[in-house]
Amino acid sequence: MTHRAVAKLQALVRIPTVSDRDPTLVDPEPFDALLDELARQFPVLHDRLELTRVDTHGLLFRWPGRSDARPVVLMAHLDVVPVEGSAPWQHPPFGAEIHDGAIWGRGTLDDKGAVVGICEAVETLLERGFVPGQDVWLSFGCNEEVSGTSAQLAVAELEHRGVRPWFVVDEGGAIASEAFPGVGAPIGVVGVTEKGVTSIELRVEGRGGHASTPTRMGPTARIARAITRLDRAPMAASVPDPTVELFRRMAPHASLALRPLLANAARLRPVLTRALIAAGPEPAAMTRTTFAITTLAGSPALNVIASTAKAGVNIRIMVGDTVAGVLEHVRRTIDDDQVQVEIVERNEPSPVSPYDDEAFALIEDTITEVFPDAVPAPYVMMAATDARFFTAICARVYRFAPFRMTKAQRESIHSYDEHLRIDALVDGVRWYERLIERIPG
C-alpha cells in the first residue's frame, strides 16, 4: 500500500508557490491555496497545534510537550524557485507525476518534501496520542528562496515569547551518496554552519556615445577587466574544523589510497586543501570564499557605447572570513577607483554549532537508526538557509533533510528534473517521527 504521504506531497508540489525578491511580483493565490491544502492534508495537526501566522504566508506551530525547558524547532519552507521555460524537464515540473518510483517536480527536494515529512510525522504521532518530551515548534517560511523576512519574523515571535530553542533542524544536508570520490558509503551530512551570502554590484559610469568612435577603457571594458582580475585572484584556502571532522569520519569508508589522508586531515590540512582545490569546483568550494559573476549589463544596443556597465557578484563567505575582509580583497584586487562597489546583501558566515554534545548525538543516532548504512558527520553548508537567522536565539542550529539523494538529485535542486524517491520520502517521515519520539523530557 502506498504511504499516504505520497499523495500529500503531490498535492503540494502541484501548487506553484514561486517567490520573488520583489513582493509586488509574487502571486498570493498559490500561497493561499497551499495553506488551504496543508490544512486539508493535515487536519489533526491544524486542529491540535497552536498556529501563529508569520509574514504574508509563513506558519509557526506550537506543539506543547511535557516540558518547555528545552524546546525544539523543526523548519522547512513553502516557496520554490521559478522554472526556466527552456529547461529540459523529463516530466512536468508542477505535475508531481510518479515515474520509476519517484515523485517528480519542483519542490520535491527543496523543500516541500521536508514540509510533508515533518507534518506527516507530527500528524501520525498526534493520532497515536503521543506527547513530546519538550515543546516542538514547526516553522515554515514563505520566502526563503529570496532571502525574505519570514524566518526573521518567526525568530522575532519566538524571542517575544521568551523561547530559546535547545536545537533547530532545517533543510541542508542529506543522506548523500557519491558525496566524495573514493568513499563508498552514503554520508549523512549535517550542516553545523553555513557560508555567509553577500552580493555586490560592480558599476562603472562613463560618457557613452556612438559605437563608431570608441574610447579606450570605456565602462564595458573597465568592468570586464575588473571581473577578470577578481576571477584570477581567489581568496586564501583552508580546511575548517567541521570539514576535518567530516573527513575523519569518512576515512574508514574510503579507498585504501585516500584513507591515510582523510584519517589524518587535522595534521595534513595544507595537503588536503591542495587536493580539494585540484578535485574540481565543488570540492574547492569547501576550502574558501567563492566569487560567482552572475549578472552583466551594458549598452542597450549594438551601436551604442554603454554609459553604465554593471556586474553582479554573488559571494559565499567561508567560515573564518568576514564581509569586511572580503570587500577589502575585492577592492584591492580590482585596483580601480572608477569601479564602484555597492553592497546589495551582506551576511556573515553562521556560528559553528557544536557537534560533540547531546543535541548533535540525538540527530546522528537517529540517522544511524533509520539509515544504518550511512555515516553521520558534520559539514560546512555552502548554500544559504532560513536557519541562519535562528542562530540569534539558538546555539545549536543544524541543517539536515532526512532523504537519500544521489549526486544527480542534488544537482537537480534549482535546476531541472528535481525528484524524490517514494521510499526516500517514507524514510524521511520515519526519521522525523523517531527524532520527535527521542526528544528527552
Side-chain angles (χ1 to χ4, degrees), residues 2-3 5-20 27 30-31 33-34 37 76-118 120 143-146 170-181 183-184 186-189 191 280-283 285 292 294 314 316 371 374 379 381-385 399-429 431:
T2 304
H3 197 287
V6 173
K8 296 180 181 187
L9 180 54
Q10 287 179 290
L12 298 193
V13 170
R14 287 175 181 141
I15 302 172
T17 47
V18 177
S19 53
D20 194 286
D27 182 358
F31 287 89
L34 187 79
E37 191 63 43
H77 62 85
L78 307 172
D79 61 320
V80 298
V81 296
V83 172
E84 291 187 28
S86 60
W89 285 77
Q90 295 183 52
H91 309 289
F94 294 109
E97 296 178 4
I98 295 177
H99 299 276
D100 303 319
I103 306 161
W104 293 69
R106 173 65 83 227
T108 49
L109 298 177
D110 185 20
D111 188 30
K112 292 177 180 177
V115 173
V116 170
I118 293 169
E120 182 62 21
N143 44 31
E144 187 274 346
E145 295 293 5
V146 293
D170 193 9
E171 63 171 339
I175 304 298
S177 58
E178 308 163 278
F180 195 81
V183 178
I187 312 300
V189 284
E282 189 173 6
T294 52
N314 185 262
R316 303 297 169 117
F371 307 100
Y379 89 117
M381 188 172 172
M382 289 176 278
T385 71
R399 301 140 181 97
F400 175 72
F403 303 119
R404 293 185 185 272
M405 295 187 200
T406 63
K407 184 178 181 183
Q409 282 176 294
R410 298 194 299 275
E411 290 173 347
S412 75
I413 296 172
H414 287 207
S415 183
Y416 60 89
D417 282 350
E418 187 179 347
H419 63 281
L420 176 62
R421 289 193 57 81
I422 289 172
D423 53 5
L425 173 62
V426 174
D427 283 344
V429 172
W431 188 87

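Count residues from 1 along the sequence.
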Distance-only check: which donor-acceptor pairs under 3.5 Å involve side-chain atoms of residues 85-93, not counting sequence neighbours?
residue, atom, partner, partner atom, Å
Q90, NE2, D417, OD2, 3.1
H91, ND1, H99, NE2, 3.2

Contact summary for [X] and [Y], nearest pair of heavy atoms:
X	Y	result
G188	A374	N-CB, 4.3 Å
V189	F400	O-CD1, 3.3 Å
P82	R106	O-NH2, 3.3 Å
A5	V116	O-CG1, 3.8 Å
R14	G95	NE-O, 3.1 Å
A179	I187	CB-CG1, 4.1 Å

Given side chains that start at C-beta, do those of [X] and [Y] come closer than 4.5 Å, heavy atoms only?
X	Y	value
F403	D427	no
H419	Q409	yes
I103	L425	yes
M405	I175	no
L420	L9	yes
I413	E411	no
E144	D111	no
M381	T385	yes

_From CA spacing to verdict: salt bridge (charged side-chain N to carboxylate O under 4.0 Å, His left out), E120, K8_ = CA-CA 9 Å; E120 182 62 21; K8 296 180 181 187; 2.7 Å; yes

*Measure centre to centre between the rings of F94 and W104, then say whether the value is under 6.0 Å.*
no

*Can you name the side chain to side chain contact (heavy atoms under 4.5 Å, CB included) partners of I15, sequence neighbours left out?*
T17, P30, A33, L34, E37

_Within this structure, what is the CG-OG distance for the pair L109 and S415, rounded to the nearest 0.5 Å?_
11.5 Å

*State the CD-NE2 distance between E171 and H77, to the nearest 0.5 angstrom.*
3.5 Å

_side-chain contact (heavy atoms from CB on, under 4.5 Å) between S19 and V80, intermediate numbers included_ = CA-CA 6 Å; S19 53; V80 298; over 6 Å; no

*Sequence neighbours left out, what pairs pass salt bridge (Lys or Arg N to Asp or Glu O under 4.0 Å) with at least one residue falling in residues 77-101?*
none

*Is the side chain of K112 donor-acceptor paired with the backbone N or O of V13 at a distance under 3.5 Å, no angle test?*
no

*In terms of side-chain heavy atoms, does E145 have a donor or acceptor partner in H414 at a distance below 3.5 Å?*
yes

